[in-house]
Amino acid sequence: MTAAARLPSVEDIWGWLEEVPDPEIPVLSLVDLGVIRSIGWDGGRLVVKVTPTYSGCPATSVINFEIEKALRDHGITDLVLERQLSPAWTTDWISESGREKLRAYGIAPPVAGTAVCGSGGQADPVVACPRCGSTDTAQVSRFGSTPCKAAYRCNACLEPFDYFKCI
């Protein structure tokens with residue numbers, strides 16, 4: 001048996017990392033969030049490239065710890081995590097599955113295709129209520145429970161909710 005035959009497949013590793021929750025929004029996995037950019041073998045060493053949601057993200061060290069822990073729990077001992085800053089992470093990298101998980105959790109996902117709205121070039125997006133689906137919503141505050149979210153209220157069902165801002 002060759003050494004390569006004993007290495008787990010990249011597909012298996014993606015599956016393992018699909019189970020690692022984001023520390024700030026645990027309903028999302030790090031794969032759903034789109035911060036794990038690539039996985040590959042360099043000889044017998046596993047190389048995982050991670051892009052933080054922003055360069056000062058306080059959860060970066062926890063994310064790296066959880067990735068390394070998950071991989072070591074699956075028997076991978078020779079690994080390196082590389083920070084990939086370019087291209088910068090954008091909310092467009094959140095998977096469709098992740099967007100559905102956010103909605104089911106009561107957080108409105110970023111409106112698709114509006115990742116440039118943070119540049120000031122576009123009006124506020126129309127945000128659908130994650131509870132009833134109405135687009136009759138209003139922003140209450142630019143900031144919600146974390147800096148990446150804004151506080152909204154649904155005028156149809158009157159429920160408050162967080163909107164995951166586009167970046």
Side-chain angles (χ1 to χ4, degrees), residues 13-39 48-71 73-74 81-167:
I13 296 166
W14 278 109
W16 300 339
L17 295 178
E18 181 70 41
E19 302 299 319
V20 179
D22 173 62
E24 289 186 350
I25 307 172
V27 67
L28 290 179
S29 76
L30 296 176
V31 174
D32 288 328
L33 192 58
V35 297
I36 299 175
R37 301 308 307 151
S38 67
I39 298 169
V48 179
K49 293 187 178 179
V50 181
T51 299
T53 54
Y54 61 98
S55 59
C57 177
T60 300
S61 60
V62 175
I63 287 171
N64 289 343
F65 173 81
E66 294 297 336
I67 291 170
E68 189 169 334
K69 180 181 181 311
L71 296 173
D73 287 350
H74 282 89
L81 301 181
E82 293 181 358
R83 179 181 285 204
Q84 181 177 329
L85 296 178
S86 181
W89 180 85
T90 161
T91 48
D92 284 345
W93 294 1
I94 298 174
S95 69
E96 276 308 309
S97 168
R99 291 172 187 277
E100 287 304 316
K101 290 175 184 174
L102 283 171
R103 198 173 288 111
Y105 193 62
I107 298 173
V111 175
T114 61
V116 296
C117 74
S119 67
Q122 295 185 0
D124 288 337
V126 175
V127 177
C129 174
R131 307 212 189 279
C132 73
S134 172
T135 56
D136 183 12
T137 61
Q139 186 180 77
V140 175
S141 171
R142 287 234 177 253
F143 297 98
S145 58
T146 64
C148 66
K149 293 180 250 170
Y152 270 71
R153 177 189 63 243
C154 178
N155 294 324
C157 71
L158 304 179
E159 288 289 327
F161 63 92
D162 275 339
Y163 167 61
F164 197 119
K165 294 186 279 191
C166 55
I167 297 175

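Quick note: numbers below take in every heavy atom, side chains included, and nothing from hydrogens, waters or symmetry partners. Since this is a predicted model, take the numbers as computed values, not measurements.
- Checked by atom type and distance alone, the side chain of T135 never pairs as donor or acceptor with a backbone atom of V126 at under 3.5 Å.
- For the pair P87 and W93, the minimum side-chain heavy-atom distance is below 4.5 Å.
- The shortest non-hydrogen separation linking I39 to I36 is CG1-CG2, 4.1 Å.
- Looking at residues two or more places apart in sequence or on another chain, you find no ring-ring contact (aromatic ring centres under 6.0 Å, His included) involving F164.
- Looking only at side-chain heavy atoms (C-beta outward), L30 and V50 stay at 4.5 Å or farther from each other.
- Of the inter-residue distances, the one linking R153 atom CZ with E159 atom CD reads 12.0 Å to the nearest 0.5 angstrom.
- Here the closest heavy-atom approach between residue W89 and residue G34 is recorded as CD1-O, 3.8 Å.
- P125 and V111 get closest at one heavy-atom pair: CB-CG2, 3.7 Å.
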**Request:** Take T51 and L85 through the test side-chain contact (heavy atoms from CB on, under 4.5 Å) and record every step on the way to the result.
**Result:** CA-CA 6 Å; T51 299; L85 296 178; 5.8 Å; no
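- Rounding to the nearest 0.5 Å gives a distance of 12.5 Å between CD1 of I67 and CD1 of I13.
- Distance check, rounded to the nearest 0.5 Å: CG of D32 to CG of L102 gives 8.5 Å.
- Across all non-hydrogen atoms, the minimal contact from D162 to S145 is OD2-OG, 2.7 Å.
- Between Y163 and Y152, the angle of the ring planes goes over 60°, which puts this pair in the perpendicular group of the 30/60° scheme.
- If you take CD1 on I63 and CG on L81, they are separated by 11.0 Å, rounding to the nearest 0.5 Å.
- Note that NZ of K165 is 7.5 Å distant from CD1 of I167, once rounded to the nearest 0.5 Å.
- Atom SG of C148 and atom CZ of F143 lie 10.5 Å apart (nearest 0.5 Å).
- Sorted by first then second residue, the salt bridge (Lys or Arg N to Asp or Glu O under 4.0 Å) pairs that include residues 17-31, not counting sequence neighbours, are E18-K101.
- Within the 4.5 Å cutoff, no side-chain heavy atoms of N155 are placed close to those of T137.
- Classification of K69 and E66 as a salt-bridged pair fails, no side-chain N sitting under 4.0 Å from a carboxylate O.
- No side-chain N or O of N64 forms a donor-acceptor pair with one of S61 less than 3.5 Å apart.
- For the residue pair V127 and A108, the shortest heavy atom distance occurs at CG1-CB, 3.6 Å.
- Summarising the geometry of C157 relative to C154, their closest heavy-atom pair is N-SG, 3.4 Å, with the distance given to 0.1 Å.
- Checked by atom type and distance alone, the side chain of S29 never pairs as donor or acceptor with a backbone atom of V20 at under 3.5 Å.
- Although no hydrogens or angles enter the test, the distance criterion places no donor-acceptor pair under 3.5 Å between the side chain of W14 and the main chain of V31.
- Without hydrogens or angle criteria, R99 side chain to P110 main chain gives a donor-acceptor distance under 3.5 Å.
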